[in-house]
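What follows is a single structure, written as structure tokens, with notes after it.
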Amino acid sequence: MRLTFLGATDTVTGSRYLVESGNTRLLVDCGMYQGVKVLRERNWKKMPELERLDAVVLTHAHLDHSGYLPRLARLGIDCPVYCSSGTAALCAVLLPDAAYLQEEDARYANKHGFSRHSPAEPLYDREDAQRVLANLQPLALHSTQRIGDLTIQLSPVGHILGACAVHIDDGNTRLVFSGDVGRQQDELMYPPEPLPRADALVVESTYGDRLHEPCDVSALLEEIILMTTGRGGSVLIPAFAVGRAQLLLLHLARLKQAGRIPSVPVFLNSPMAISATEIYQRFHRELRISSADCALIDKATRYVRSVEESIALTQNPYPSVIISASGMASGGRVLHHMKSLLGDTRNSMVFVGYQAVGTRGQAIVGGAPQVKIHGQYYPVRAQVHDLGALSAHGDYEDILTWLEKTGQPPQQVFVTHGERQAADAMRVQLRDRLGWSARVPELRERVDL
Ligand SMILES: [Zn+2]
């Protein structure tokens, strides 16, 4: 087997790995680069390695693992895409939305006259996304699928609905990709399933150099909501539409049921997060929630779908809890709420996940006195809270605890999906704690296994 690292080598986005055996060519993950411009530019680079593929297999639905798929379709690369059923259901919502945003970007560039092409073209459009969705082939967990000389298998790793490690076997060697690995303790997700055996392993390192501070999230939310609504304010929570929004809804529904917070309305104002919540409820048997929990969430939540309802909500003067996307306040409906709520000291703004460099979320958490939204500056007077402990990624202790249970140590270990410092810290942890010799590979590096 030969493995080529085509993304996520020096950063946390753009996951793409080519696995070859004989004539078989399999791509593991087909992620989009996100974040700073120099990384986003990579989405436009030619990738001759991807011109002939027998199949793609996805670890999970997040766009940094799936968002380049419609680009392949646009380039005429057509092949089956294997993934778990949960991943397929989430991709059906995420990929058309990503395509719509690409179309919007191209329209904006044309209107304002800056573009690499003339006229500006989207990276892909909604038709490309639909072509990919028609190629999705859901696989049952632990079932095996033959692709040419290779056999693949999926096992759950927590993180978000449908997220799996991908096991690839050529009859001699077993190569495992961790994908994004979830927490050992999570209200919504089961802990990652131990790996039975891996001769070679590719492991993520998003939090390779950090630990999540232990905290009681329910108690913190309770305290913030009581304090804020007590002074007549509202609580605004920017949240990632898939995963974090559902975990928050679960916490809030349980707090309401237990009478620990007053009966202020809880609004979920994000069409994407509402669709994801419906999918989470449909797949609740794969999660740590019962159908009664799903009903509890519906009872406790007001879903805001239309633009008109969303505008009306920004003018609502009464205390409420509003969950809205995007999670780093980089776009979406949350910006409208920020404009109306940030300037009032009675309100609170709560951040619940990783805030990337250069985002409004990072600026506010870092104490910025004002932020620019839609071309205007708004003062930050609301109280700001950072609940990073709600992350969907395990920290390095979570990952070590998971890997410790592996049947036998892999002979080769590659650390990816982390900023350089985090990836190297993970490599050192694997060496010192588990005695595994690991390497941080370079972009486009090829290794024979
Ligand atoms: Zn992910």
Side-chain angles (χ1 to χ4, degrees), residues 7-17 27-35 39 43 56-69 81 83-95 97-98 154-166 176-184 186 188-193 202-208 210 212 239-248 272-273 276 279-280 283 286-287 325-328 330 352-356 359 361 388-396 398-399 402 415-419 422-423 426:
T9 44
D10 45 5
T11 180
V12 295
T13 64
S15 275
R16 301 168 200 169
Y17 309 96
L27 186 68
V28 177
D29 277 346
C30 191
M32 185 151 74
Y33 280 102
Q34 296 168 312
L39 289 176
N43 293 318
V56 178
V57 55
L58 298 181
T59 59
H60 66 292
H62 276 152
L63 290 178
D64 57 321
H65 297 256
S66 73
Y68 192 72
L69 277 172
V81 178
C83 60
S84 68
S85 314
T87 297
L90 289 172
C91 280
V93 175
L94 286 166
L95 295 181
D97 184 74
L154 303 175
S155 69
V157 285
H159 186 53
I160 62 163
L161 172 68
C164 285
V166 173
V176 177
F177 293 84
S178 73
D180 288 0
V181 182
R183 319 274 298 262
Q184 289 292 319
D186 191 289
L188 200 53
M189 305 303 305
Y190 287 109
E193 193 176 282
V202 178
V203 65
E204 72 126 324
S205 59
T206 313
Y207 284 91
R210 272 176 295 173
H212 299 307
F240 301 96
V242 178
R244 295 310 83 191
Q246 290 71 38
L247 181 59
L248 279 165
M272 165 77 74
I279 295 169
Y280 266 62
F283 283 86
E286 293 187 19
L287 308 166
S326 72
M328 300 187 208
S330 45
V352 293
Y354 187 75
Q355 302 299 318
T359 58
L390 268 172
S391 172
H393 281 271
D395 56 23
Y396 66 79
D398 285 313
I399 292 183
W402 174 56
V415 181
T416 61
H417 201 287
E419 302 300 341
M426 190 75 210

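Both ligands and their constituent atoms are indexed starting at 1 by order of listing. Scope of the values below: all heavy atoms of this structure, side chains included, with no hydrogens, waters or symmetry mates.
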Strictly under 2.8 Å, is the Zn ion (ligand 1) approached by any N, O or S atom of [X]?
X      : value
His65  : no
His393 : no
Asp180 : yes

Exactly one of [options] should register a side-chain contact (heavy atoms from CB on, under 4.5 Å) with [X]. Which one does?
X      : options                     : value
Leu247 : Val352, Leu390, Ile160      : Leu390
Ser178 : Val415, Thr416, Val203      : Val203
Thr13  : His417, His62, Gln34, His65 : Gln34

- Message: Quick check: of its N, O or S atoms, which one does His62 have closest to the Zn ion (ligand 1)?
- Response: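 Answer by atom name: ND1.
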- Task: Round to 10° and report the angle made at the Zn ion (ligand 1) by NE2 of His159 and NE2 of His60.
- Result: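 It comes to 100°.
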- Between Arg16 and Asp29, is any pair of side-chain heavy atoms under 4.5 Å apart?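 Not in contact.
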- Item | Beyond-backbone contact of Trp402 with Val157, side-chain heavy atoms, under 4.5 angstrom |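 Heavy-atom side-chain distance check passes, below 4.5 Å.
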